[in-house]
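Below you'll find the structure, written out as C-alpha cells, and then a few comments.
What you see is a predicted model; the values in this text were computed from it and never measured. Side-chain atoms are counted along with the backbone in the values below, which use heavy atoms only and exclude waters and symmetry mates.
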Amino acid sequence: MDAFLGEYAPAPVDGPELRLPYSPTRLWFDGGFASTDDLSALPYITGSGRNFRLAAGGAWRWGDLAFTGELPFDVTTVDFLTLNNQPPRAGDTPQTSVALGDLRLGADWTRHLGDGVLGGFGLRARLPTHTTHYVFHLADGSTASYYYPYYTHLEPTAILGGALGRFTFVLNQGAVVLTGPDGSFNGFYIHVPNIFFWDAAYAVSYAPVDVLAASVELATDVQLNHIGGFDFTKLNDVRSVWIAPALQLHVGGYRVDAVARFGLSQSANLFGIIEYAGKSSYTLRVSRTF
C-alpha cells in the first residue's frame, strides 16, 4: 500500500503545496507558468504579471519521517499600471526580473492508522530568499528599486491519506502563517503584518493502469485575522478557492506530472499574489523515486 500511495498520490503544486501521507525518497525537477491579472494586493503598485518557474526539489524518507526541500528560480514579467498612484515613466514597463525564489524546507511524520490509511503531522517553512525586484526612474533622475514583500511562511498541518484499490486520497488541515521582515520603497516604510490563514486541501487520484493516472485537488485558504494599515488593505476577508486537475505518466521508473491550477474566487488571486503562485498556473514535473 505504501509503495502504491507513494507512486500514484497527486503531485503537490505551489499554492501552497499539498503534504503527502507517504513521501518516498525522490528527486524532481519542474517547470511552470503562472499568471495574475491584478497586483493591487501589493503595496504601492498596480498591474498584471506572469511568471515562468523552474524548480529542483527532493524528499528523503527515514522511517516514519520524510524531509523535503525545494528551491525555485523565477523569471517574472510585470506590466505596471501605477507606481505610488502615478503612471510609471516611459520605458519602466513592462519589466522582467530574473531571480532566485523562496527556499522551502519541511518535515512530515506519518504512521499507519489502519488498513490502507496513514495519518500524522507536517511542518514546512518557506524562507524569504527571493531576489525579485524592479528598477524605476524618479522625477529627479535617480532610480529606486521595488522589491516584492518578504514573507516568512510557517505551515503546520495534519495529514491523512491512503490507498483504496487503485484510488488514493489525501487530506490536509492546517495553517499558513505569514510574518515579516518589513521593507521599504523610495523612502516609504512597508510594515509587513502577520497574516493567518486556515489551509485545507482535498485530493484524489485513480490509476486505471500502471502507466497512467489522473487526479484532482481542491484547496481553500480562509483568512483568520484582520489587518490594519494602508499598505495591505486588500488583504482582508480573503476566501481563496482553487482546483487542480492533473495527469500522471509512469515510464521506466520516471514519473511525469502535468498539472493545471485554476483559481475559482477573486480571493484566489489575492492569496496567489502573496504566495507568488498567481491566480492560475500550469506545471510540468519530472520525478524519480529511489
Practice task
For the pair R104 and D14, evaluate side chain to side chain contact (heavy atoms under 4.5 Å, CB included) and give the outcome as yes or no after the intermediate values.
Solution key: CA-CA 11 Å; R104 282 86 158 161; D14 222 14; 2.8 Å; yes

Handout entry: Intermediate values then yes/no, ring-ring contact (aromatic ring centres under 6.0 Å, His included), Y276 and Y148
Key = CA-CA 9 Å; Y276 308 126; Y148 279 179; 5.6 Å; yes

Practice task
Please report the shortest heavy-atom distance between W28 and S287, naming the atom on each side.
Solution key: CB-CB, 3.6 Å

Practice task
Give, for atom CG of L247 and atom CG of L284, the distance between the pair rounded to the nearest 0.5 Å.
Solution key: 11.0 Å

Completion exercise
Smallest heavy-atom separation, A34 atom then S281 atom, equals CB-CB, 3.8 Å

Exercise for the section: State whether the number of non-hydrogen atoms from other residues, nucleotides or ligands found under 6.0 Å of N225 atom CG is greater than 12. Expected result: yes

Exercise for the section: Quick one: sort the Y8 and F4 rings into parallel, tilted or perpendicular, breaks at 30° and 60°. Expected result: tilted

Practice task
State whether the side chain of N172 and the backbone N or O of A201 hold a donor-acceptor pair below 3.5 Å, judged by distance alone.
Solution key: no

Handout entry: Single-linkage hydrophobic cluster L218~V204, side-chain heavy atoms < 4.5 angstrom
Key = yes

Handout entry: pair L100-L71: side-chain heavy atoms closer than 4.5 Å
Key = yes

Problem - Residue F73 excluded, over 12 heavy atoms near CZ under 6.0 Å - result: yes

Exercise for the section: May I ask you to check whether E217 and W242 show a side-chain donor-acceptor distance below 3.5 Å? Expected result: no

Completion exercise
Residue pairs passing the side chain to side chain donor-acceptor pair (under 3.5 Å) test with at least one member in residues 123-133, sequence neighbours excluded, are D102-R126, R124-E155, R126-E275

Exercise for the section: Answer yes if I227 and I273 sit in the same cluster of Ile, Leu, Val, Met, Phe, Trp and Tyr residues linked by side chain heavy atoms under 4.5 Å apart, and no otherwise. Expected result: yes

Handout entry: More than 12 heavy atoms of other groups within 6.0 Å of F290 CZ
Key = yes

Completion exercise
Between V241 and A268 the two heavy atoms that sit nearest each other are O-CB, 3.6 Å

Problem - Side chain proximity check, D221 to P16, heavy atoms < 4.5 angstrom - result: yes

Handout entry: Aromatic ring proximity, centroids under 6.0 angstrom, F197 and F271
Key = yes

Exercise for the section: For the residue pair I195 and Q223, establish whether any side-chain heavy-atom pair is separated by less than 4.5 Å. Expected result: yes

Exercise for the section: Identify the two heavy atoms, one from R19 and one from V170, that lie closest to each other, and give their separation to 0.1 Å. Expected result: O-CG1, 3.5 Å

Problem - Lys/Arg cation over aromatic Y22: R61, 6.0 Å, 45° cone - result: yes

Exercise for the section: Determine whether W198 and V177 fall in the same hydrophobic cluster, where Ile, Leu, Val, Met, Phe, Trp and Tyr are linked whenever their side-chain heavy atoms lie under 4.5 Å apart. Expected result: yes

Problem - Which residues share a ring pair (Phe, Tyr, Trp, His ring centres under 6.0 Å) with F52, sequence neighbours left out - result: F33

Handout entry: Spacing of OG belonging to S23 relative to CG belonging to D2, to within rounding of 0.5 Å
Key = 11.0 Å

Exercise for the section: Please examine the side chains of L27 and R288, heavy atoms only from C-beta on, and report whether any two atoms are closer than 4.5 Å. Expected result: no

Completion exercise
Between P88 and F80, the two heavy atoms sitting closest are CG-O, 3.7 Å

Exercise for the section: Test side chain to side chain contact (heavy atoms under 4.5 Å, CB included) on E17 and E70 and set out the steps. Expected result: CA-CA 11 Å; E17 294 183 357; E70 183 180 74; 3.1 Å; yes

Handout entry: Flag side-chain contact, heavy atom, 4.5 Å: S97 against Y147
Key = no

Exercise for the section: Decide whether Y202 and L20 are clustered together by the hydrophobic rule: side chain heavy atoms of Ile, Leu, Val, Met, Phe, Trp, Tyr closer than 4.5 Å, transitively. Expected result: no

Exercise for the section: Step through the shown structure and confirm whether more than 12 heavy atoms of other residues, nucleotides or ligands are within 6.0 Å of CZ on F262. Expected result: yes

Exercise for the section: Using only heavy-atom distances, determine whether the side chains of T179 and N194 contain a donor-acceptor pair under 3.5 Å. Expected result: yes

Completion exercise
Across all chains, not counting sequence neighbours, the salt bridge (Lys or Arg N to Asp or Glu O under 4.0 Å) partners of D210 are R166

Exercise for the section: Output, in order, the C-alpha distance, side-chain angles, deciding distance and verdict of side-chain hydrogen bond (donor to acceptor under 3.5 Å, both in side chains) for T76 and N51. Expected result: CA-CA 4 Å; T76 310; N51 180 68; 2.5 Å; yes

Handout entry: H137 backbone acceptor or donor facing D92 side chain under 3.5 Å
Key = yes

Exercise for the section: Side-chain contact test, heavy atoms from C-beta onward, threshold under 4.5 Å: evaluate it for Q173 versus L160 and give yes or no. Expected result: no

Exercise for the section: Before giving the answer on side chain to side chain contact (heavy atoms under 4.5 Å, CB included), spell out for V75 and T96 the whole-Å C-alpha distance, their side-chain angles and the decisive distance to 0.1 Å. Expected result: CA-CA 7 Å; V75 180; T96 298; 3.7 Å; yes

Practice task
Scan side-chain atoms only and decide if T82 and T46 contain a donor-acceptor pair under the 3.5 Å cut-off.
Solution key: yes

Practice task
Decide whether I243 and V222 are clustered together by the hydrophobic rule: side chain heavy atoms of Ile, Leu, Val, Met, Phe, Trp, Tyr closer than 4.5 Å, transitively.
Solution key: no

Problem - Main-chain N/O of R239 paired with S265 side-chain donor or acceptor, under 3.5 Å - result: yes

Handout entry: Over all atoms of both residues, closest heavy-atom pair of G174 and T157
Key = N-OG1, 3.6 Å

Exercise for the section: Return yes if some donor-acceptor pair links the side-chain N/O of R89 with the main-chain N/O of F136 below 3.5 Å, else return no. Expected result: no

Practice task
Would you check if the side chain of T283 reaches a backbone N or O of V259 as a donor-acceptor pair within less than 3.5 Å?
Solution key: no

Handout entry: Stepwise side chain to side chain contact (heavy atoms under 4.5 Å, CB included) test for N236 and H226
Key = CA-CA 6 Å; N236 278 309; H226 183 89; 3.4 Å; yes

Completion exercise
NZ of K279 to CG of L264, rounded to nearest 0.5 Å, is 8.5 Å

